[in-house]
Amino acid sequence: MTCAEGLSLQRVSAPFCIICLSTLRRHSSLSLCTVFQEDQFLSDSFHTHAHTPQRGHLQHRPIVMALPDTAPLLAGLLLLFHAFGAWAIVVVNMEDKVEVMAGETAQITCMFTTDEGLGGTTIQWFYVPPNKERQRIYNKEPMHEAAEQNTLFTHRISLNVNGTAAVLVIRDVGVKDNLEFICVIKTLTREEAEGRTQLQVFKSPTFPTIEAVETGISVNEDQSKIGSCKVKNGYPKPNITWYRNNMPLRNTQHEVDVSSSTTTESSGLYSVQSELTMKVKKEDKDAEFYCEVVYFVPGATKMTESQRINISVYYLPTEVNIWVESPKGKIKEGDTLELRCDNNGNNPSSITTIKHQNSEYSVDNKTMVRTNVTRLDGGVYECTFTETDNFEEISGSTKVSVNYLESAVITPKDSIAVMEGEELKASCNALSSLQTSTTWFKNEKLVSKGNTLSVKSATLETAGMYKCVVTVPEMEGMKTSGILQVNVKGSPQILGPDVQEVETYETTVNLTCSARGFPVPTIMWTTSDGKNLNALQTETEDGAQSVVTFKITSNVKVFCNASNDFGSKVVEFNIKAIQTPTKSPNIKKESKGFVIAIIIIAIFLLAILGSVLYFLYKKGRICGRSGKQDFSKRKSSKDNIVVEMKSDNTEEAILLGVNGEKQQPNDQ
């Protein structure tokens with residue numbers, strides 16, 4: 001039989017056994033053996049106590065044997081063993097886990113202690129493949145160290161030993177490196193201890209993408225797909241949670257169903273897709289759905305949210321509304337009427353119809369437009385929704401009022417004639433659905449307010465064209481008007497003074513005579529010598545006007561006579577013919593001016609000529625003078641040009657030479 005390390009039992013020959021105690025200390029060894037009877041060794045007086053070694057602790061294997069005849073021998077053996085020393089102690093300490101992001105460098109530290117020192121220590125590193133036995137990846141002995149060939153880590157690992165710390169460095173960590181690593185420390189006495197560290201690798205996933213269903217969802221369906229959410233390339237596997245209006249959704253029977261599927265990519269990363277299926281309600285038409293992704297990083301948990309989506313929810317209406325979209329406010333004849341219809345449901349399989357109850361006019365649409373409406377277009381409009389699946393109907397209605405303003409009616413119609421001095425009275429009205437306001441104008445000036453035009457005592461000035469304007473103050477643009485011609489009966493009146501003076505140089509004269517009155521006056525032109533003049537007559541707003549053109553040779557009087565059934569009126573025009581001045585005075589005056597201009601021009605030309613002659617004289621070009629003549633010589637009397645100037649007040653005469661020098665009389 002074999003005992004614990006350093007202790008072995010060997011059978012020699014029955015009934016004897018040999019017990020050997022071997023120990024190795026540094027570079028020396030000792031073996032002690034003894035022989036005893038088998039029955040004595042197997043007796044109850046023989047006791048062995050062995051303690052199972054713990055990781056990183058001293059492994060003790062003390063042996064106590066109580067044999068009647070061998071006790072002194074064993075005691076001597078124990079004393080001899082202690083004389084050579086105890087077994088070596090090895091302790092290893094490692095972290096439970098090391099976390100690192102994919103692509104980075106991981107460092108796994110193995111802290112160890114041994115009483116034999118580092119000289120004889122062997123350091124080995126292993127990793128544990130899934131469902132397989134450990135595999136060594138690095139071996140460091142006292143005289144040699146190297147990474148094991150043909151492993152996942154051959155070209156990516158190195159070992160840094162600093163004192164009692166052995167650090168395994170793994171470069172470019174990938175998710176496939178998410179393994180357990182073992183550090184084994186061995187001594188020369190074959191004592192060993194090991195430690196384990198789990199390397200945890202993390203990879204953040206991509207931003208989640210969410211897709212909503214493109215078709216609408218009916219509330220009548222049991223459950224319908226809302227959308228799908230996907231996140232790619234994460235490690236460890238990310239988790240997806242669905243939210244509705246910031247509230248998480250959990251699986252609920254017949255209500256909510258969240259299903260997820262995980263795909264392991266060739267890189268070892270995880271992609272997760274989750275689908276949300278639920279029974280929708282009417283309230284879900286405004287709900288926001290999104291998914292939340294929770295993933296892990298070294299020492300923390302992170303979360304990211306997808307975009308938010310909405311879904312189209314189909315449900316039957318319970319109420320229908322119809323209203324006037326335009327115009328806003330009151331409607332008047334001539335406007336364009338637009339009606340809109342809607343309901344509180346949402347169902348594409350329905351037909352909307354708008355109909356005018358007072359006519360057969362209808363449209364299969366949510367909008368009705370009628371142009372140039374009249375009062376007949378007013379009334380009740382009804383909107384009906386018909387469900388095509390079961391032909392159920394629901395409807396709503398509204399009443400439309402079209403305001404109107406008819407044409408103005410003036411009494412008396414068109415015109416009125418009153419005697420001068422009598423009362424003028426007329427009325428103007430227009431039928432309308434709203435309150436109206438009436439005003440009267442003459443020559444664009446306001447003359448009266450109200451339906452009635454009244455003048456206590458009419459005069460010729462009262463006559464003329466009156467305009468009645470009827471408006472609706474509540475609505476801008478509603479207006480109508482009418483015209484009334486007012487005539488005042490009476491003898492004519494001629495505008496202007498009774499006698500008018502006219503002076504003219506012309507041989508032809510134009511005279512104008514304007515007369516007021518009703519009936520329209522007849523205007524006649526005569527001269528003082530009894531001649532009748534032909535003239536054209538035109539009617540005006542309150543009478544007539546005539547213009548006469550005739551030739552005159554001398555002073556003459558012309559009479560304008562305006563008359564009607566109630567009398568006549570004459571105006572006298574005294575025309576004075578002024579003689580036209582002769583043309584000679586003007587010609588003489590013009591001739592004088594012309595002569596003066598000629599004289600001025602002649603003087604100017606003489607001045608220029610004199611200047612030129614003087615210049616040529618100075619240069620010796622005329623009169624035989626030379627430009628190089630000696631001016632110191634006495635001038636000859638032949639060369640002198642003498643001008644005699646006499647004063648009116650003295651007899652003295654001064655002779656001036658050409659150069660302006662004074663000369664005595666005897667020098668002439």
Side-chain angles (χ1 to χ4, degrees), residues 332-334 404-432 434-473 475-498 500 510-525 534-548 560-571:
K332 66 179 183 296
E333 288 186 322
Y404 58 89
L405 176 65
E406 295 186 354
S407 300
V409 177
I410 299 178
T411 305
K413 186 178 180 181
D414 297 335
S415 65
I416 183 175
V418 296
M419 287 298 298
E420 189 175 2
E422 292 182 355
E423 182 181 3
L424 167 64
K425 199 166 188 180
S427 64
C428 177
N429 293 283
L431 185 62
S432 176
L434 299 172
Q435 187 69 34
T436 60
S437 175
T438 305
T439 52
W440 292 85
F441 295 87
K442 181 184 180 185
N443 298 329
E444 305 299 330
K445 292 184 179 180
L446 179 65
V447 295
S448 179
K449 291 184 178 181
N451 299 81
T452 302
L453 174 65
S454 178
V455 178
K456 295 296 182 181
S457 178
T459 63
L460 292 179
E461 285 77 10
T462 306
M465 190 72 71
Y466 289 80
K467 184 178 182 180
C468 164
V469 179
V470 181
T471 59
V472 177
M475 297 190 67
E476 184 179 357
M478 288 188 71
K479 180 172 66 173
T480 185
S481 62
I483 300 298
L484 175 65
Q485 175 65 45
V486 175
N487 299 314
V488 178
K489 298 178 182 180
S491 60
Q493 289 184 358
I494 297 177
L495 302 180
D498 295 340
Q500 300 182 27
N510 293 329
L511 299 178
T512 302
C513 184
S514 298
R516 295 185 301 180
F518 188 83
V520 177
T522 299
I523 300 176
M524 302 293 293
W525 292 90
N534 295 326
L536 295 176
Q537 178 176 326
T538 58
E539 290 189 8
T540 61
E541 183 180 346
D542 53 357
Q545 185 182 65
S546 179
V547 179
V548 66
C560 172
N561 185 356
S563 62
N564 62 8
D565 296 342
F566 297 97
S568 63
K569 178 71 174 177
V570 178
V571 171

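Side chains included, hydrogens not; waters and symmetry mates left out as well; all remaining heavy atoms used. The chain is numbered in sequence order, starting from 1.
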Here the gap from Q537 atom CD to C513 atom SG, rounded to the nearest 0.5 Å, amounts to 9.5 Å
Which pair of non-hydrogen atoms, one from Q545 and one from T540, has the smallest distance, and what is that distance?
CB-CG2, 4.0 Å
Rounded to the nearest 0.5 Å, how far apart are NZ of K332 and CE of M475?
5.0 Å
I need the minimum non-hydrogen distance between V488 and M419, along with the two atoms involved.
CG1-C, 4.2 Å
Residues passing the salt bridge (Lys or Arg N to Asp or Glu O under 4.0 Å) test with E406, sequence neighbours excluded, are R375
For E541 and M465, indicate whether the former's side chain and the latter's backbone hold a donor-acceptor pair under 3.5 Å.
yes
Considering residues at least two apart in sequence or located in another chain, which fulfil the side-chain contact (heavy atoms from CB on, under 4.5 Å) criterion with A562?
P492, I494, A515, P521, I523
Is it true that, when you exclude M524 itself, more than 12 heavy atoms of the residues, nucleotides or ligands shown sit nearer than 6.0 Å to its CE?
no
Counterpart residues, side-chain contact (heavy atoms from CB on, under 4.5 Å), relative to S448 (two or more places apart):
W440, L453
Shortest non-hydrogen contact from A535 toward V547:
CB-O, 3.4 Å
The criterion is salt bridge (Lys or Arg N to Asp or Glu O under 4.0 Å); which residues satisfy it with E461, sequence neighbours excluded?
R516
Output for pair (S415 OG, F518 CZ), nearest 0.5 Å, gives 7.5 Å
Residue pair E423 / V418, side-chain heavy-atom distance below 4.5 Å:
no
Within the side chain of T471, is there an N or O that forms a donor-acceptor pair under 3.5 Å with the backbone of P473?
no
Does any non-hydrogen side-chain atom of L460 lie less than 4.5 Å from one of D542?
no
Compare every heavy atom of S546 with every heavy atom of W525, then report the nearest pair and how far apart it is.
NE1-OG, 3.0 Å
Start with the C-alpha gap between C468 and L484, add the side-chain angles, then the distance that decides, and say whether side-chain contact (heavy atoms from CB on, under 4.5 Å) holds.
CA-CA 8 Å; C468 164; L484 175 65; over 6 Å; no
Selection residues 475-486 - residue pairs positive for side chain to side chain donor-acceptor pair (under 3.5 Å), sequence neighbours left out:
Q485-N487
Tell me, yes or no, whether the heavy-atom count around L536 atom CG, taken from other residues, nucleotides or ligands under 6.0 Å, exceeds 12.
no
Close side-chain approach of S427 and N429, heavy atoms under 4.5 Å
yes
Heavy-atom distance under 4.5 Å between the side chains of V486 and K442, does that happen here?
no
Has S432 got a side-chain atom pairing as donor or acceptor with Y404's backbone, closer than 3.5 angstrom?
yes
Enter the distance from I410:CD1 to I416:CD1 here, rounded to the nearest 0.5 Å.
11.0 Å
Residue pairs meeting side chain to side chain donor-acceptor pair (under 3.5 Å), one or both in residues 560-569, sequence neighbours left out, come to D498-K569
